[in-house]
2 protein chains.
Amino acid sequence: MAEGSLQHELNSIPPTDPAVDKLVEEIIGRVADKWTMLLIEILTEKKCCRFSELARECEGISQKMLTQTLRALERDGLVTRTVYPVVPPKVEYRLTELGLGLSKAFCGVWLWAEANFDTIEKARADYACKQEG
Amino acid sequence: MAEGSLQHELNSIPPTDPAVDKLVEEIIGRVADKWTMLLIEILTEKKCCRFSELARECEGISQKMLTQTLRALERDGLVTRTVYPVVPPKVEYRLTELGLGLSKAFCGVWLWAEANFDTIEKARADYACKQEG
DNA sequence: CGGTATCCTCCTCGATACTG
DNA sequence: CAGTATCGAGGAGGATACCG
């Protein structure tokens, strides 16, 4: 954990016009979601998944949210949905190049969370202590 | 946009035990939120902000959500809240080292969104077209 | 200025049932 | 297997009013 150069790349983003900002924020809002992040992680690991496999891997998700989240991902061009005309039906989901790019971006957040969850736990405990006093 | 080596670091995360997974997911769920990301971005740029300044910068946020989000950030040890005992009251918010780490992690997502928002817009248009047919 | 407290409204999300 | 449809509870979040 280097203590110097805390100015990181965020500051180097050129000031974009407000219209683009709105779009970017909307995308962040859509994409920065628990199920979205989880599904992208699963699809990154497995490369290719059937609906039922995603339902199994993505523990706790309801069928409704799974369908809904996958549709949003498909709509945004982050995953492809391939239907095989067989009985019983078979549908495969796979990340696109765009989706893989997002996966990489998310990776940093996952790594941060894994590296710091204990620090956060401690911070919460401290905060709870102070509240009691 | 290199097309090779799509195996990125996400795959190198060692299989953590389920208990840690739950914690990490909970943190992601708390932190992957529009206002949280926006506030962290603002605090990264400005270094130090008063409540009212954050309210101004964080366009569209209600006072309730601002307070609520700031409290969550403070609780998780991501920002510090400094109260100056003066009239009128003055309260300053500042990122901690932990918060700066998250800011760096988020940076990748912002950059991805800025780099790809047009691609996503196009994907949405294509998707809408297909639905009509 | 920097909040809290209260009320009220969506709208997300889960549960359940049904279909190609 | 992979969905869609419908209903209903609960929480997120805005508006307003008040406080130290």
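Proteins come first, then strands; the chains are lettered A, B, ... in the order of their sequence lines, and each starts at number 1. Keep in mind that what you see is a predicted model, and the values were worked out from it rather than measured.
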Let me know the distance between CG of B:L66 and P of C:dT4, rounded to the nearest Å. 11 Å
Nearest-Å distance for atom pair CZ/P, residues A:F51 and D:dG3: 5 Å
Of A:P89 and A:W35, the one whose closest DNA chain C nucleotide lies more 5': A:W35
Between D:dG10 atom P and A:K64 atom NZ, what is the distance in whole Å? 16 Å
Atom CG of B:D33 to atom P of C:dT12: distance rounded to whole Å? 14 Å
Give a yes or no on this: more than 12 heavy atoms of other residues, nucleotides or ligands lie within 6.0 Å of atom CD of B:E59. no
Looking for any heavy atom pair under 4.0 Å, which part of the strands does A:P88 touch: base, sugar-phosphate only, or nothing? sugar-phosphate
Whole Å only: how far is the NZ atom of B:K90 from the P atom of C:dG2? 9 Å
Whole-Å gap separating C1' (C:dG3) and CD1 (B:I61): 14 Å
Pair A:Y93, A:R81: side-chain N/O donor-acceptor within cut-off below 3.5 Å: yes
A:T67, nearest nucleotide to its side chain (from C:dC13, D:dT4, C:dT4): D:dT4
Does the D:dG14 base have a donor-acceptor partner in the side chain of B:Q63 within less than 3.5 Å? no
Charged N to carboxylate O below 4.0 Å: is that the case for B:D126 and B:K122? yes
Between A:R50 and D:dC1, is there a contact of a side-chain N or O with OP1 or OP2 at under 4.0 Å? no
What contact category does B:Y93 fall into here, base, sugar-phosphate, or nothing, at under 4.0 angstrom with non-hydrogen atoms? sugar-phosphate
N/O (side chain, A:R81) to phosphate O (OP1/OP2, D:dG3) under 4.0 Å: yes
Can you check the B:E53 CD to C:dG3 P distance for me, whole Å? 14 Å
Less than 4.0 Å between a side-chain N and a carboxylate O, is that true for A:K104 and A:E97? no
Short side-chain N/O contact from B:S52 to OP1 or OP2 of C:dG2, under 4.0 Å: yes
To the nearest angstrom, how far is B:L70 atom CG from C:dT4 atom C1'? 15 Å
Ion pair check, A:R30 and A:E26, cut-off under 4.0 Å: yes
